[in-house]
Amino acid sequence: MFKHIILSLALLPAAQSASAADIQTTVLAGGCFWCIESDFEKLQGVQDVVSGYTGGTTANPTYETLKGSGHYEAVEITYDADIVAYEQLLFAFFRSVDPTDAGGQFCDRGESYRTAVFVSNPAERAAAEAAKAAAQRDLGQRIVTSILDAATFYDAEDYHQDYYKGEKRVITRRGIKTQSEAYAFYREACGRDARVLALWGDAAPFADHN
């Protein structure tokens, strides 16, 4: 049976701590950064999630130049470690992606959509390796998510930030929609939640279980 207790306090409406004493950042790559941003902004203790690019060799990457740059679509998460532990973020991360897929995530294919955890010190590396091993035991399948040294994180373009809740109108294949409407359609059509639920079942922390 999957262990949910580690998220029992974290999966509450996001809140700001007026007396935050231990503010940390971490970088995770889990396919489309819109989706990771949307998911992790739900966690209590998470103060900010920024979409961006990291892990490649090209300076100042853009969305248009991402292919072939070696960079991942990723998010930089700023969190209060007195409220949500690094290990809780990792637990949620592995169960919100398909960590068995080496070729991308869901309908997004290619190296920029691979999964990875970027670590800044030996303690984070040890925690990430332990979280990966635990997720592999729970899932019963080989996990291919990389654990990599942190590199320069480049913020993505402004229009990517908080895309999932934006009200700006955009042109889509289904006509003119708000960004939030376009995001909801993309997430469903891409099959993200369906695949995560198929893999993780009740342990999936962000997918709709209805």
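Panel note: side chain T54, backbone T152; a donor-acceptor pair is recorded below 3.5 Å. The backbone N or O of A156 sits less than 3.5 Å from a side-chain atom of Q161, completing a donor-acceptor pair.
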>> For a side-chain hydrogen bond (donor to acceptor under 3.5 Å, both in side chains) check, start with the C-alpha distance between S69 and T58, then their side-chain angles and the critical distance, and finish with the verdict.
In response: CA-CA 6 Å; S69 69; T58 304; 4.9 Å; no
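Residue Y164 is tested with R187, E41, E37, Q179 for a side-chain hydrogen bond (donor to acceptor under 3.5 Å, both in side chains); the sole match is E41.
A cation-pi arrangement is present between R95 and F91 under the rule of less than 6.0 angstrom and at most 45 degrees off the ring axis.
Every residue meeting the side chain to side chain contact (heavy atoms under 4.5 Å, CB included) condition with A134, not counting sequence neighbours, appears here in chain and number order: R137. Scanning for side chain to side chain contact (heavy atoms under 4.5 Å, CB included) contacts around D108 gives C32, Y113, Y186, C190, with sequence neighbours left out. Applying the side chain to side chain contact (heavy atoms under 4.5 Å, CB included) criterion to Q24, with sequence neighbours excluded, gives D22, Y79, A81. The side chain to side chain contact (heavy atoms under 4.5 Å, CB included) check on T100 picks up D98, L139, Q141, R195, with sequence neighbours excluded. For F40, the ring-ring contact (aromatic ring centres under 6.0 Å, His included) criterion is met by F206, not counting sequence neighbours.
Residues L199 and F106 share a hydrophobic cluster, clusters being chains of Ile/Leu/Val/Met/Phe/Trp/Tyr side chains in contact below 4.5 Å.
The ring of Y53 has its center no closer than 6.0 angstrom to the ring center of F153.
Annotation: N121, atom CG; neighbour count of heavy atoms from other residues, nucleotides and ligands within 6.0 Å is above 12.
The aromatic rings of H160 and Y63 sit tilted relative to each other, their planes meeting at an angle between 30° and 60°.
For the salt bridge (Lys or Arg N to Asp or Glu O under 4.0 Å) condition, the pairs that include at least one residue of residues 140-156, sequence neighbours left out, are R125-D149.
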